[in-house]
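Everything below concerns the one structure shown next.
Here the structure is a predicted model, which is why all the values come from computation and not from measurement.
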Amino acid sequence: MTDEAFLRADKWLYQARFFKSRSLASKVCDGGLRISGNKVDKAHARVRVGDVLTFPQGLHIRVVKVLALGTRRGPASEAQGLYEDLSPPEKQTPLPKAARSGVMTRDAGSGRPTKRDRRQLDRLRRG
């Protein structure tokens with residue numbers, strides 16, 4: 001491949017076996033992917049050899065360096081040759097609890113929300 005070779009971000013994440021489907025990979029690209037420190041808003045962002053990708057995967061933030069561009073979604077052993085993991089699993093810190101669940105939580109023992117609390121939550125959800 002030449003120096004100008006690139007691959008779509010969602011396709012590379014799928015081929016490197018970070019996500020089970022390309023649609024899951026594109027959802028991550030739309031919301032939380034950074035390529036070499038620059039935030040990406042679209043799945044068609046270009047990934048080149050040498051780029052550092054930062055993205056959420058499950059409960060952890062992954063940081064990987066692109067070593068090669070794949071031609072297909074092959075076996076796991078082939079996919080591991082596409083990247084270098086810069087954040088080993090034992091050193092990964094989980095996302096904050098609020099970011100993981102996506103559901104608002106209340107303190108234990110605070111009881112049911114009052115009518116006033118409910119209205120405040122509704123305003124918060126609407127923006």
Report summary line: On a heavy-atom basis, the closest approach of Ser26 and Ala43 is CB-CB, 3.7 Å
Query raised in the report: Among the clusters formed by ILVMFWY side chains lying less than 4.5 Å apart, do Leu24 and Tyr14 turn up in the same one?
Result: no
Query raised in the report: Between Leu67 and Val49, is a side chain to side chain contact (heavy atoms under 4.5 Å, CB included) present by the stated rule, with each step listed?
Result: CA-CA 5 Å; Leu67 298 178; Val49 174; 5.8 Å; no
Report task. State the CZ-CZ distance between Arg118 and Arg123, to the nearest 0.5 angstrom. Result -> 10.0 Å
**Report entry** Atom pair SG (Cys29) and NE2 (His44), whose distance is rounded to the nearest 0.5 Å
**Finding:** 10.5 Å
Query raised in the report: Measuring from Leu124:CG to Asp117:CG, what's the distance to the nearest 0.5 Å?
Result: 12.0 Å
Query raised in the report: Checking Asp30 side chain against Lys27 main chain: does a donor-acceptor pair fall under 3.5 Å?
Result: no
Requested in this report: Starting at NZ of Lys115, measure out to CD of Gln120 and round the result to the nearest 0.5 Å.
Outcome: 13.5 Å
Report task. Would you please test Leu33 and Leu53 for side chain to side chain contact (heavy atoms under 4.5 Å, CB included) and show each step? Result -> CA-CA 7 Å; Leu33 176 69; Leu53 305 180; 4.3 Å; yes
Query raised in the report: Taking Gln57 for the side chain and Phe18 for the main chain, is one N or O donor matched with an acceptor at less than 3.5 Å?
Result: yes
Requested in this report: Measure the shortest side-chain to side-chain distance between Glu78 and Arg72 over non-hydrogen atoms and say whether it is less than 4.5 angstrom.
Outcome: yes
Query raised in the report: Hey, does the Lys NZ or Arg CZ of Arg34 hover above the aromatic six-ring of Phe55, less than 6.0 Å from the centre and inside 45° of the axis?
Result: no
Report summary line: One should read off an interatomic distance between Leu7 CG and Arg48 CZ, to the nearest 0.5 angstrom, of 11.0 Å
Query raised in the report: Would you call Lys65 and Asp51 a salt bridge, using N to O less than 4.0 angstrom?
Result: no
Report task. Give a yes-or-no answer on whether the side chains of Arg73 and Gln15 include a donor-acceptor pair shorter than 3.5 Å. Result -> no
Query raised in the report: What do the steps show when you test Ile35 against Val47 for side chain to side chain contact (heavy atoms under 4.5 Å, CB included), and what is the final call?
Result: CA-CA 8 Å; Ile35 298 177; Val47 173; 4.0 Å; yes
Query raised in the report: Of the non-hydrogen atoms in Arg22 and Asp10, which two are nearest, and what is the gap between them?
Result: NE-OD2, 3.3 Å
Query raised in the report: Got Val52 and Leu86 here, is their nearest side-chain heavy-atom distance under 4.5 Å?
Result: yes
Report task. Please determine if Arg46 forms a cation-pi arrangement with Phe6, meaning its NZ or CZ atom is less than 6.0 Å from the six-membered ring centre and no more than 45° off the ring axis. Result -> yes
Report task. Before giving the answer on side chain to side chain contact (heavy atoms under 4.5 Å, CB included), spell out for Leu82 and Val66 the whole-Å C-alpha distance, their side-chain angles and the decisive distance to 0.1 Å. Result -> CA-CA 6 Å; Leu82 299 178; Val66 178; over 6 Å; no
